2 protein chains.
Amino acid sequence: MEGAIDSSQSRPPVKPQGAVQLQRASQPLHPRQGRRPVKLSDVAAVAGVAPMTVSRVLNAPERVTAATAQRVRAAIEQLGYVPNLVAGGLSSRRTRMVAAIVPTMAHPMFAELVQNFTDVLRAQGYEVMLSLSGYDTMSEAALVRAVLSRRPDALLLAGARHDAPTRQMLADAAIPVVEVFDVARRPIDMLVGVDHAAVGTAVAAYFRAKGHSLFAVFAASDTRARLRGEAFAQAARRGGGTVLAETVIPAPSTIAAGRTALRALLPVLTQAVLTQAGAPSGTQAGPGANGPAVALFCSSDLVAFGALAEARANGVAVPERLAVCGFGDFELSAASEPPFTTVSVEGARIGRHAATFLLDRLDGVEDVRRVQVPFRIVERASS
Amino acid sequence: MEGAIDSSQSRPPVKPQGAVQLQRASQPLHPRQGRRPVKLSDVAAVAGVAPMTVSRVLNAPERVTAATAQRVRAAIEQLGYVPNLVAGGLSSRRTRMVAAIVPTMAHPMFAELVQNFTDVLRAQGYEVMLSLSGYDTMSEAALVRAVLSRRPDALLLAGARHDAPTRQMLADAAIPVVEVFDVARRPIDMLVGVDHAAVGTAVAAYFRAKGHSLFAVFAASDTRARLRGEAFAQAARRGGGTVLAETVIPAPSTIAAGRTALRALLPVLTQAVLTQAGAPSGTQAGPGANGPAVALFCSSDLVAFGALAEARANGVAVPERLAVCGFGDFELSAASEPPFTTVSVEGARIGRHAATFLLDRLDGVEDVRRVQVPFRIVERASS
DNA sequence: GTGAAAGCGCTAACAG
DNA sequence: CTGTTAGCGCTTTCAC
C-alpha cells in the first residue's frame, strides 16, 4: 500500500566555489574601506555628533532634535550600520530579549501560545528567544542555566514542576518569570495556569451526563497529560463507572500511538460492550440512556484521531459503541471523519496573558499576578 | 454539529501577593550577601585564583591543572555562578549563537529541520535562536537586521529570494550563511536546496504515467508552493493534458482551505469527468488506462486532507474520479481515509546538512558548499 | 600553567 | 538638547 517512487534529485553537490564568494557578494551599495565592521562611533563621526547622540537616536528619538536625528539616520543608512545589541545589552543590563522554554511546537496550542507571546512582546521591542525542552536530553536545570547565561530580561516557562536548583537559579536571576499551562502549588513568580485535573474531571462529568458508565483513557506520559488522565479515571470511578483501561502512551503523542493503543483495547472494548448491554451493535446509545458504549478520553487530539481511524478500520461504530473525546482542539478534530469532541484551551490567550504580565513587570508594576485560563469541551459527532 | 459546552474555570485571579514573593523563594541554598549578581571575579576570589583562570576552566579546561579546576568548580557551585555570555560575546566577538529564520513551525518539515539543526549545533556548543518569519509583518530586511544586531556567529535562512538590502546586510555581517529549502540562482553563500519546480514536474509525470490527462492544482500563495504548482501545471500541459483549475490558496495552508477549494472545483470536476469519458462513476481508472479521473496536486498535505474530506462528503470516489497527491508527508497523510499519496522531503536531512555546513565554516573550512536534497513521491491509496 | 593589562561596543549618569 | 566620563563582565594578548 505504500510503494515509494524515488524521483530523487541526488545530483552531486555544485562544485565548491571558495569562500571569496561571500566577499564579492552583490556590488557593495555603499563601498566601505576595509572590512572593519561599522560601529556606533563611525556613525557618530560621519554625522558629526557624539556617539551618545547616535545612541539616543536609536533608543530615545524623542530626546533628539529632528534635524540631528535626520543627519544621524542618513549616516546610519549610508554606512549600513547594524547596532550591536550584545554590547548594548552588557552596558545597559537589558538585552531586550525574553526567553521562552516550551516542550514542543508540534502541539498547535504551544505554537499558538508562542506566536501570540512573540507578537505582543515584539510590539514592545522585545525579541523572543525560544528553547524547546521536549526533545532535549539536557536536564531542565541545565537548559535553564544555558538560557539564563544569555541574560534574558524575562522568562516564560511551560509547566510548573521545577526542581530546587532550577528554582534557585531563577530566583537568583531576579527577573520576571511566568509559568504557564500548568497549576503550581507554589509558583516561582507569576502564573497563567490551566487546571489539568479539572479538565479530566470535566470530561468524565460530560460523559456521565451523556449516560456513559464504561470508560477508558489514553494518556501520554508527560506530567500534564497524566494529570488529565488520572483525574478523568478518578472522577469516572467516583461516579460509579468502570474504567476498562488506563493506557500510557510514550510522549510525544502521535496518530500512530493512538491506533496502537486502540488496537490493544479492541478485545476489552468488544467484550465489555457485549457483556454490559447485549444490545445489537449499531444500537444508538442516546444521551441519558445507559448505553453500552465505552467513553474514551485521549490526552491529545492526535491520539484521538488515531484511535478513531483504528476504530473505523475495525468496524467499531462511533459514537454508538465508542465515544471519543480528545484534547487540544487541533484543526484535525473538526476535519476528522467523524469530527470528534475535544477540549479546547486557548493557547493564544495564554501567550497574550503571559506576555502582558511580563511586560507590566518590566515596566515596574510589582504585582505578582496569577490567572487560571478557562477551557471548554467542544462537542462533535464522536460522543 | 458543533455545540460548545462551557465548563470554564474562570475563577477570579488568585489574589496578588506582592513581588516579595520572588525574593523569598525557597530557602537560599547558598546564602549570599546582598543581591549583587555573582560574576566571574567573585568566583575567582573565592577560589583564590585570577579571573582568567576561571574563564579557562569554563572555556578551555585542558589548559588548567585538575586541582585548580576542581577548586574553581567548587567555587562556581558554591556561589551558584551563571556565566554572562553577553559579556563573553562582546569580548570574544563570538556569541556561540546561530540564528535560524524559518517561515513557520506549523509545517512538520520545518519543525524537523529546526529540530535537527538545533541538535547538531547544540552538540557543538552553539545555541539556536529561532525567528518565525511567516506570520511576521516586518519586512525580511527588518527581520534580518533585528537578528543580526544580536550578532549570531552564523545564520540559517529558509528560502533564497532576498532583496538587495538584505543581501547587503548579510554580506557585511561576514558570517557563514546557509539558505535552505529553495533553489537560488545566486546563493548568498551556502545552500541546502530543494528543487520545487522539479517536484511539480515529477508529480505531473507520476500522474501521467498513471494514465491521467485531466489535472488540477491547489497551491498556496507562498513562493515555493507556487513554484511547485506552476511547474506541475506546465508539465501537465506539456504532456498534452488539460489543467482544469489552478487554485491559489491564501497562505498559510489549512485543512479548511482545502475543503473550500475542492468545493469550488466540484462542478468543474463532475462535468469534466462526465464529458471526457462518460464512464459510470465507480469505474476503476487503472494505471496506464486513460481514465476519467482528475489528478489533483495540493501544495500541502493539509490542503490535500481537506480536499479529500470534502470529496468524501460529496460522494466523489477516490481515486476513481479524483486522484490526489499532497506535499510534505505529514503524519496525517498516512492516517487519512484513504491514506494519500504525497511528496516527502526530509527536513531532518536539510537541518543536519545545514548545521554541518555552518559548523565546518566556523571551524575554518573555507569551501562554499551546496547540495540539493532529494525528494520522493510516497504512493498511497489516493492515486 | 597562571596572571595582569587592555579593551570589546555600547549606555548610565552626570555635566553643560 | 548634546557631550563627557566611566564602566558593563568577560576574553584577548602577552608576560611570567
Side-chain angles (χ1 to χ4, degrees), chain A residues 35-73 75-76 79-97 125 148-153 172-174, chain B residues 35-73 75-76 79-97 125 148-153 172-174:
Chain A
R35 288 272 84 216
R36 195 172 54 75
V38 181
K39 50 192 189 189
L40 193 81
S41 55
D42 297 329
V43 175
V46 169
V49 298
M52 197 51 225
T53 302
V54 178
S55 174
R56 289 206 183 92
V57 170
L58 260 18
N59 303 313
E62 71 282 2
R63 316 194 63 186
V64 172
T65 321
T68 313
Q70 195 46 55
R71 279 207 334 274
V72 170
R73 269 190 253 278
I76 288 176
L79 297 175
Y81 171 62
V82 176
N84 184 336
L85 260 42
V86 178
L90 176 59
S91 181
S92 68
R93 290 129 174 272
R94 298 188 53 224
T95 53
R96 309 193 140 279
M97 217 186 62
L148 288 181
S149 56
R150 307 267 172 200
R151 297 294 187 269
D153 291 341
D172 287 352
Chain B
R35 287 270 84 216
R36 196 174 53 75
V38 181
K39 50 193 188 189
L40 194 79
S41 55
D42 297 330
V43 175
V46 170
V49 297
M52 199 49 229
T53 301
V54 178
S55 173
R56 289 207 183 89
V57 170
L58 258 19
N59 303 314
E62 70 281 3
R63 317 192 65 188
V64 171
T65 321
T68 314
Q70 196 44 56
R71 280 209 332 274
V72 170
R73 268 190 254 279
I76 288 175
L79 297 174
Y81 172 62
V82 176
N84 184 336
L85 258 42
V86 177
L90 175 60
S91 182
S92 67
R93 289 127 174 272
R94 299 186 52 225
T95 51
R96 309 194 141 276
M97 216 186 63
L148 287 181
S149 53
R150 303 245 121 103
R151 295 295 187 269
D153 291 340
D172 287 353

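Please read all numbers here as calculations on a predicted model, not as lab measurements. To find a chain, count down the sequence lines: A is the first, B the second, and so on, and within it residues start at 1.
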Student: Measuring to OP1 and OP2 of D:dC8, would you say a side-chain N or O of B:Asn84 lies under 4.0 angstrom away?
Tutor: no
Student: Under 3.5 Å, which donor-acceptor pairs do the side chains of residues 46-54 of chain B form with other protein atoms, sequence neighbours left out?
Tutor:
none

Student: Is there a side-chain contact between A:Tyr81 and the phosphate of C:dG9, meaning an N or O under 4.0 Å from OP1 or OP2?
Tutor: no
Student: For B:Asp153, check salt bridge (charged side-chain N to carboxylate O under 4.0 Å, His left out) against everything at least two apart and list the hits.
Tutor: none
Student: Between P on D:dT11 and CG on B:Asp153, what's the gap in Å once rounded to a whole number?
Tutor: 14 Å
Student: How close or far is atom P of C:dG9 from atom CG of A:Asp42, stated in whole angstroms?
Tutor: 9 Å
Student: Of all residues at least two apart in sequence or in a different chain, which pass the side chain to side chain donor-acceptor pair (under 3.5 Å) check with A:Arg93?
Tutor: none
Student: Rounded to the nearest angstrom, tell me the gap between atom CG in B:Leu58 and atom C1' in D:dT11.
Tutor: 12 Å
Student: Distance-only check: which donor-acceptor pairs under 3.5 Å involve side-chain atoms of residues 61-69 of chain A, not counting sequence neighbours?
Tutor:
none

Student: Send over the distance from B:Arg36 CZ to D:dC8 P, rounded to a whole Å.
Tutor: 11 Å
Student: Measure CZ/B:Arg151 against P/C:dC10 and give the value in whole Å, please.
Tutor: 7 Å
Student: Base contacts versus sugar-phosphate-only contacts with protein, heavy atoms under 4.0 Å: please encode nucleotides 2-8 of chain C as B, S and - from 5' to 3'.
Tutor: BBB--BB
Student: Going by salt bridge (Lys or Arg N to Asp or Glu O under 4.0 Å), name the pairs with one or both residues in residues 48-61 of chain A, residues two or more places apart or in two chains.
Tutor: none
Student: Is any side-chain nitrogen or oxygen of B:Ser55 closer than 4.0 Å to OP1 or OP2 of D:dC10?
Tutor: no
Student: Would you say B:Ser92's side chain and B:Gly88's backbone share a donor-acceptor pair under 3.5 angstrom?
Tutor: yes
